[in-house]
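Any value given below was found using the heavy atoms of this structure, including those in side chains, with hydrogens, waters and symmetry copies removed. Position 1 is the first residue of the sequence; numbering continues from there.
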Amino acid sequence: MSETLSPRTPRTLRLETVIIVLICAFGAAALWYFLAQRQQTLRSSPAGFDGLQIWLASEGVGAQNFFGGWTIDQTSIGLLVVPVYDTELDETRVTPSTKQELLQQQDEYDLSTPVITLKAQTVPTLVVLPKWRSGMRLTGLAHPVLKVERERLAATLGKIIDDIDPRLIDAKTPFTDFPYRSADGTNLHARIYAAQMFTGRDCIPIIGSEEAMLLADCPMLAADGEPDGRILVLSDPDLLDNHGLRLGDNARVALDVLRSRAEDGNVVIDYSRDFWLRDPASQPERERTWEDLRRFFGPPFVTLWIGAVLTFLLFFWRGALRAGPIRPAETATGAGKLLAVRARARLMRLSGQDGALTREYAAARLSATAAALFGAAHARHYGGEEAFLDSARRRHPAEADRLRTILSRIRQLPARLPAGEAIRLIDELEQVLEQITHDT
């Protein structure tokens, strides 16, 4: 009885597991990229505030964009600018299903009143009300028909300031100039296209008048419905956004207002939807620091770490070599038969059976030559000695007689013979088969 021993298949990761992991990773990366690109598109659009951040930084005012995801030290903030792209605070935005609905969309993303209020209670805050629908950002056309609804805007303002019924006012002319006197006494004019202004109880106008305020300092409405602190409100974002910053003296007015209000702190343009501010004074003191961990990577521990890394690399290399992908030749069709033939040939060589090995080699060469000449379909028939000689006699009479003589001498070889004699006969056989194959 003979047993066929197959090599043990190394343990590898299942293909399905690898595909699932790759799909999940790709999906997460695609979602992150989509959200990042959407936020970037909004910030760089005519309704965004990337231009304001660049302008302030170029004039020596500390300014940065903030999107959330990590805490920020509130003591470093001089003024928090909160663009509001939501005309229905605390309500879920309805995703548009058609291109027309997308152009008429009034809310870019959802914001909540408690978050805005908490930010204003923590640091000085300037809230910038919305003005344009998504169609203005997508088409690049600032037409009055693309302005948000006044009723929804008034309701949004009423949730921020201490006035249950604030009034929105639209300009009667295409362009409206608002006089402004800077801190150094320079008279400037802010120019707004299709300006929207407001009136509110106990609001102090900074730009505009009490009957029509563009920027004002207003009492803030707390979560319990009672006044709690003050908040800056800009009713028309075109004073600060990319679209309006280039009109009139808007850039110089924005620089003077924000610089005077920020004092020694930074101007942070906050696009985040959650509360990320932290007070260092209320943070618990850490008993340990990174220095406590860093000392474990210095002498004499560094020698142990180097040894551990080298050991890991050695184990990884050995593991990858032993359990890595197997050679394709060992898993191809007919690999078991090929291995068996090689093992038999090795045993015959080791036992000195050169004569028998030569006979086996001659039969194998005839079969391979028949497959090359007649194709795999007829290789079994013409692979036999007599059939091959009959075919060779018809095509190559001179070579057929020589081939018959060589095969006869190979059949008569004893089991044991000198290796030189076997090599000589195999060389003669190869010469004849080469001439028959190539017809030379």
Side-chain angles (χ1 to χ4, degrees), residues 29 31-87 89 93 107-112 115-132 134 136-138 140 156 160 215 231-247 250-280:
L31 179 61
W32 175 85
Y33 178 78
F34 173 77
L35 294 177
Q37 287 298 106
R38 180 179 178 183
Q39 186 71 274
Q40 173 63 30
T41 301
L42 177 61
R43 291 188 291 110
S44 60
S45 69
F49 291 83
D50 273 0
L52 175 64
Q53 186 270 331
I54 297 173
W55 164 246
L56 294 177
S58 67
E59 293 298 319
V61 179
Q64 67 179 89
N65 294 321
F66 182 69
F67 320 108
W70 66 90
T71 58
I72 184 172
D73 185 359
Q74 66 186 49
T75 60
S76 65
I77 299 176
L79 181 65
L80 191 70
V81 180
V82 180
V84 178
Y85 294 100
D86 188 0
T87 60
L89 296 177
R93 181 176 64 95
D107 305 329
E108 294 288 355
Y109 54 79
D110 294 326
L111 291 175
S112 61
V115 172
I116 297 176
T117 302
L118 184 57
K119 292 178 180 179
Q121 291 173 341
T122 306
V123 296
T125 301
L126 168 62
V127 172
V128 183
L129 296 180
K131 178 180 180 180
W132 301 106
S134 297
M136 181 268 194
R137 172 175 62 85
L138 297 174
T156 299
I160 298 175
L215 175 63
I231 187 172
L232 296 176
V233 177
L234 177 63
S235 61
D236 197 311
D238 286 349
L239 177 65
L240 303 178
D241 62 17
N242 302 331
H243 162 67
L245 200 62
R246 60 186 177 83
L247 298 178
N250 292 0
R252 298 173 61 187
V253 171
L255 176 64
D256 187 78
V257 170
L258 298 181
R259 174 184 284 166
S260 61
R261 295 285 173 171
E263 296 181 350
D264 296 331
N266 294 327
V267 176
V268 177
I269 305 173
D270 185 9
Y271 295 93
S272 65
R273 309 180 192 182
D274 299 313
F275 184 80
W276 297 97
L277 305 177
R278 63 176 178 86
D279 184 5

Minimum heavy-atom distance between Val123 and Thr125, given as atom pair plus value: O-OG1, 2.9 Å
Rounded at 0.5 Å granularity, tell me how far CG in Leu258 sits from CH2 in Trp55. 11.5 Å
Within the distance-only criterion (no hydrogens, no angle test), does the side chain of Asp107 pair as donor or acceptor with the backbone N or O of Arg93 below 3.5 angstrom? no
Between Ile160 and Leu89, is a side chain to side chain contact (heavy atoms under 4.5 Å, CB included) present by the stated rule, with each step listed? CA-CA 10 Å; Ile160 298 175; Leu89 296 177; 4.3 Å; yes
Going through the distances and angles, do Arg278 and Asp73 end up as a side chain to side chain contact (heavy atoms under 4.5 Å, CB included)? CA-CA 5 Å; Arg278 63 176 178 86; Asp73 185 359; 4.3 Å; yes
In Leu215, Val128, Leu126, Leu129, the residue satisfying side-chain contact (heavy atoms from CB on, under 4.5 Å) with Val233 is Leu129
For Tyr85 and Phe49, take the angle between the two ring planes, folded into 0 to 90°, and tell me which bin it lands in: parallel under 30, tilted 30 to 60, perpendicular over 60. perpendicular
Here's a test for you: under side-chain hydrogen bond (donor to acceptor under 3.5 Å, both in side chains), which of Thr87, Asp241, Asp238 qualifies with Lys131? Asp238
CG of Leu277 to CG of Asp270: how many Å apart, nearest 0.5 Å? 7.0 Å
Start with the C-alpha distance between Arg43 and Asn65, add both sets of side-chain angles, then the distance that settles side chain to side chain contact (heavy atoms under 4.5 Å, CB included), and finish with yes or no. CA-CA 9 Å; Arg43 291 188 291 110; Asn65 294 321; 3.7 Å; yes
Verdict with reasoning, Arg137 to Glu108, per side chain to side chain contact (heavy atoms under 4.5 Å, CB included): CA-CA 10 Å; Arg137 172 175 62 85; Glu108 294 288 355; 3.1 Å; yes
Let me confirm one number: the CG-CD1 distance from Leu56 to Ile269, rounded to the nearest 0.5 Å. 6.5 Å
Distance from Ile72 atom CD1 to Leu80 atom CG, nearest 0.5 Å? 8.0 Å
Which atom pair, heavy atoms only, marks the closest approach of Leu111 to Pro83? CD1-O, 4.1 Å
Can you see which heavy atom on Leu245 is nearest to which on Leu240, and at what distance? CD1-O, 3.8 Å
Approximate separation, where rounding is to 0.5 Å, of Trp276 CH2 and Gln74 CD: 15.5 Å
What heavy-atom pair brings Ala262 and Val267 nearest, and what distance separates the two atoms? CB-CG2, 3.7 Å
When rounded to the nearest 0.5 angstrom, what is the spacing between CD1 in Ile77 and CG in Leu79? 9.5 Å
Considering all heavy atoms of both residues, which atom of Asp110 and which atom of Asp86 are nearest to each other, and what is their separation? CA-OD2, 3.5 Å
List the steps and the verdict of side chain to side chain donor-acceptor pair (under 3.5 Å) for Asn242 and Asp50. CA-CA 7 Å; Asn242 302 331; Asp50 273 0; 5.9 Å; no
Tell me the closest heavy-atom pair linking Ala57 and Ala63, and the distance in Å. N-CB, 4.5 Å
Can a donor-acceptor pair be found, under 3.5 Å and without considering hydrogens, that links the side chain of Arg259 to the backbone of Glu59? yes
